[in-house]
Asks: 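Structure incoming, see below.
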Amino acid sequence: MTDEEWMELALAEAWKGVGKTAPNPPVGAVIVKEGILLGAGWHRKAGLPHAEVEAISDATAKHGKAALRGATAYVTLEPCSTVGRTPACTSGLIDAGISRVVYACEDPNPAHAGAADGVLRAAGIRVTSGILREKCEIVLRPFSKVQRYGLPWVMWKCAMSLDGKITRPEGEGQWLSGEESRADVQRLRSGVDAILTSGQTVRRDNPALTIRQPELLEGRDQPWRVVVTDQPETMPAHAPLFSDQWKQRTLIRSRADREGMLRRLVTEQGVMSVMLEAGGKFSASMFYAGLVDEVVIYYAPMLCGGTIPALAGESFPKSIAVTDITIESFGSDFRLRGLVKK
Ligand code: AOF
Ligand code: ZN
């Protein structure tokens with residue numbers, strides 16, 4: 001197997017941590033010797049062992065300590081090189097007798113960025129970096145955005161008709177997208193730290209904004225539910241957001257200063273990724289402020305005519321380009337996913 005192929009395995013490990021590790025990045029690692037996979041691991045939660053340590057433990061449990069001498073470690077992120085909540089991974093790799101380290105992305109955390117190579121090489125370890133970097137950067141996006149800008153990664157999720165409406169004609173019920181799309185939304189929710197909505201959406205739709213499948217909740221808490229409103233007194237006290245067993249995970253924030261609100265979610269709740277699930281006006285205002293990074297749109301196969309549009313309010317000074325588009329079918333709906341061009 002090539003370096004890229006082994007790194008794919010490390011990346012599959014990293015994906016297991018998405019939605020569980022904030023404020024730390026999801027990271028995966030595998031240990032390989034003479035073409036044989038000795039062990040694998042991923043970072044499960046901030047404060048718990050890093051991916052490299054998990055992979056070393058797994059390999060040691062399966063093959064014994066001596067087997068790791070001369071092995072190669074593949075890690076999706078540059079190993080950390082200073083003691084934080086956990087010991088430095090560079091020391092763990094050196095102590096295990098690893099002779100080569102291959103990693104995909106440089107750590108955007110300035111405490112570690114670019115520091116591992118020197119530490120590892122000084123211990124006689126060969127280092128290769130940049131293998132499968134672009135693909136591994138995708139899981140790191142929320143962490144990188146927080147490290148660079150102090151802002152969380154924001155994904156706008158919306159279900160709409162083919163003509164861009166989020167409500168159906170009178171008397172038709174509220175659902176646009178089908179069951180398969182809604183199951184996919186549950187998976188997406190399990191990958192984010194917070195869900196952001198507006199007071200108007202709470203009043204109109206009374207959403208729960210929770211993860212319902214127990215298997216998707218394993219290893220994580222419910223996402224924070226953030227309601228943006230200037231009239232908290234108009235919020236229905238009996239609504240699930242304010243009365244269910246996770247009501248302490250619901251926060252109310254004022255509409256003014258959206259960027260400050262997002263920054264506080266980072267510093268106070270440790271949030272790295274946010275799903276924006278709101279009506280047309282609030283959603284548009286988030287795009288307007290340049291705070292949205294990614295769009296996920298479920299198109300339902302219907303036209304709804306003169307009802308409520310997905311983005312509303314003042315028009316944008318210029319159109320917002322969406323790049324890196326992928327399209328996938330979910331039942332009779334299709335999902336378009338792409339990045340907001342900055
Ligand atoms: C790694 N492997 O699996 C992760 C890393 O507070 P600590 O000790 O958990 O350190 C957190 C920092 O370590 C985090 O900001 C990021 O730079 C790096 N995360 N590094 O070698 C891992 N999760
Ligand atoms: Zn580490």
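All values derive from a computational prediction rather than experimental measurement. Just follow the structure's listing: the first ligand is 1, and inside any ligand the first atom is 1. If you read the sequence from its start, that first residue is 1, and numbering goes on from there.
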Asks: Heavy-atom contacts with Val27 under 4.0 Å: which atoms of ligand 1 show up? List them by number with element.
Replies: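 Near Val27, the atoms of ligand 1 are 3 (O), 4 (C), 22 (C), 23 (N).
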
Asks: Using only heavy-atom distances, determine whether the side chains of Arg203 and Thr234 contain a donor-acceptor pair under 3.5 Å.
Replies: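 Yes, Thr234 and Arg203 have a side-chain donor paired with an acceptor closer than 3.5 Å.
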
Asks: Do Trp156 and Tyr149 belong to the same hydrophobic cluster, where Ile, Leu, Val, Met, Phe, Trp and Tyr are linked whenever their side-chain heavy atoms lie under 4.5 Å apart, directly or via other members?
Replies: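 Yes, because Trp156 and Tyr149 connect within a single hydrophobic cluster, where side-chain heavy atoms sit under 4.5 Å apart.
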
Asks: For Ala46, is the nearest heavy atom under 4.0 Å from an atom of ligand 1?
Replies: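 Outside the 4.0 Å threshold, so no.
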
Asks: Has Phe143 got any heavy atom lying under 4.0 angstrom from an atom of ligand 1?
Replies: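 The answer is yes, since Phe143 has a heavy atom less than 4.0 Å from ligand 1.
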
Asks: Which atoms of ligand 1 have any heavy atom of Pro25 under 4.0 Å away?
Replies: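 Taking each heavy atom of Pro25 in turn, ligand 1 has 14 (C), 16 (C), 19 (N), 23 (N) under 4.0 Å.
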
Asks: Can an N or O of Leu77 be found at a distance shorter than 3.5 Å from an N or O of ligand 1?
Replies: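 No, there is no polar N/O contact under 3.5 Å.
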
Asks: What do we get for Cys80 next to ligand 1 when only non-hydrogen atoms under 4.0 Å count, side chain, backbone, both or neither?
Replies: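 Both of them.
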
Asks: When you look at CD of Glu170, are more than 12 heavy atoms from neighbouring residues, nucleotides or ligands closer to it than 6.0 Å?
Replies: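 Counting neighbours around CD of Glu170, 12 or fewer heavy atoms of other residues, nucleotides or ligands fall under 6.0 Å, so no.
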
Asks: Quick one: nearest non-hydrogen protein atom to atom 15 (O) of ligand 1, plus distance?
Replies: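 The closest one turns out to be Asn109 ND2, 2.9 Å.
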
Asks: Looking only at protein heavy atoms, identify the closest one to atom 3 (O) of ligand 1 and say how far it is in Å.
Replies: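 Among all protein heavy atoms, the one nearest atom 3 (O) of ligand 1 is Ala51 N, 2.8 Å.
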
Asks: Please determine, by modelled atom types, if Arg212 and Thr210 share a side-chain donor-acceptor pair under 3.5 angstrom.
Replies: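 On atom types as modelled, these side chains qualify, holding a pair under 3.5 Å.
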
Asks: Considering heavy atoms of the protein only, find what lies nearest to atom 23 (N) of ligand 1 and give residue, atom and distance to 0.1 Å.
Replies: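 Closest protein heavy atom to atom 23 (N) of ligand 1: His43 CD2, 3.3 Å.
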
Asks: Regarding Ser181 and Asp333, is there a side-chain donor-to-acceptor distance under 3.5 Å anywhere?
Replies: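 Per modelled atom types, Ser181 and Asp333 side chains form a pair under 3.5 Å.
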
Asks: Does a donor on one side chain and an acceptor on the other come within less than 3.5 Å for Asp3 and Tyr74?
Replies: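 The criterion, which ignores hydrogens and geometry beyond distance, is satisfied for Tyr74 and Asp3.
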
Asks: Just which atoms of ligand 1 are under 4.0 Å from any heavy atom in Pro79?
Replies: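 Those of ligand 1 that fall under 4.0 Å from Pro79 are 21 (O).
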
Asks: Nearest to atom 16 (C) of ligand 1, what protein heavy atom do you find, and at what distance?
Replies: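 Nearest neighbour among protein heavy atoms for atom 16 (C) of ligand 1, to 0.1 Å: Asp107 OD2, 3.4 Å.
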
Asks: Nearest protein heavy atom to atom 11 (C) of ligand 1, by residue and atom, and its distance?
Replies: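 Minimum-distance protein heavy atom for atom 11 (C) of ligand 1 reads Asn24 OD1, 3.3 Å.
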
Asks: Tell me which part of Ala29 gets within contact of ligand 1: side chain, backbone, both or neither, using heavy atoms under 4.0 Å.
Replies: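 Near ligand 1, Ala29 shows nothing, with every heavy atom at 4.0 Å or more.
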
Asks: Is it possible for you to say whether Trp153 and Val228 belong to one hydrophobic cluster, with membership spreading through side-chain heavy-atom contacts below 4.5 Å?
Replies: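 Each belongs to a different hydrophobic cluster.
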
Asks: Among all protein heavy atoms, pick out the one at the shortest distance from atom 6 (O) of ligand 1; state its residue, atom name and that distance to 0.1 Å.
Replies: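 The closest heavy atom on the protein side is Arg85 NE, 2.8 Å.
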
Asks: Give me the one residue out of Arg337, Lys145, Arg141 that meets salt bridge (charged side-chain N to carboxylate O under 4.0 Å, His left out) with Asp293.
Replies: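 Result: among Arg337, Lys145, Arg141, Lys145 is the only option passing the salt bridge (charged side-chain N to carboxylate O under 4.0 Å, His left out) with Asp293.
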
Asks: Should you measure from each heavy atom of Cys89, which atoms of ligand 1 turn up under 4.0 Å away?
Replies: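 Counting atoms of ligand 1 from 1, those under 4.0 Å from Cys89 are 21 (O).
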
Asks: Would you tell me whether Asp117 and Tyr103 have side-chain atoms, one donor and one acceptor, within less than 3.5 Å of each other?
Replies: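 There is such a pair (donor and acceptor under 3.5 Å, judged by atom type) between the side chains of Asp117 and Tyr103.
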
Asks: Side chains of Thr197 and Arg225: donor-acceptor distance under 3.5 Å anywhere?
Replies: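 No, no side-chain donor-acceptor pair sits under 3.5 Å.
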
Asks: At a non-hydrogen distance cut-off of under 4.0 Å, which region of His112 contacts ligand 1 (side chain, backbone, both, or neither)?
Replies: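 Contact part for His112 vs ligand 1: side chain (C-beta onward).
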
Asks: Looking at Gln248, I want to see if its CD is surrounded by more than 12 non-hydrogen atoms of other residues, nucleotides or ligands under 6.0 Å.
Replies: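 Yes.
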
Asks: Kindly give the atom name of the N, O or S atom of His50 closest to the Zn ion (ligand 2).
Replies: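 Going through the N, O and S atoms of His50 one by one, ND1 ends up nearest to the Zn ion (ligand 2).
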
Asks: Considering only the protein, which heavy-atom contact is closest to atom 2 (N) of ligand 1, and what is its distance?
Replies: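 Its nearest protein heavy-atom neighbour is Glu52 OE1, 2.9 Å.
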
Asks: Cation-pi between Arg168 and Trp175: NZ/CZ under 6.0 Å from ring centre and within 45° of the ring axis?
Replies: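 No; the conditions do not both hold, so Arg168 does not lie above the ring face of Trp175.
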
Asks: Taking 2.8 Å as the cut-off, does His43 contribute an N, O or S atom near the Zn ion (ligand 2), distance below it?
Replies: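 Checking His43: none of its N, O or S atoms is under 2.8 Å.
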
Asks: Could you find the nearest protein heavy atom to atom 13 (O) of ligand 1 and give me its residue, atom name and distance?
Replies: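 Checking every protein heavy atom, the shortest distance to atom 13 (O) of ligand 1 gives His50 CE1, 3.3 Å.
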
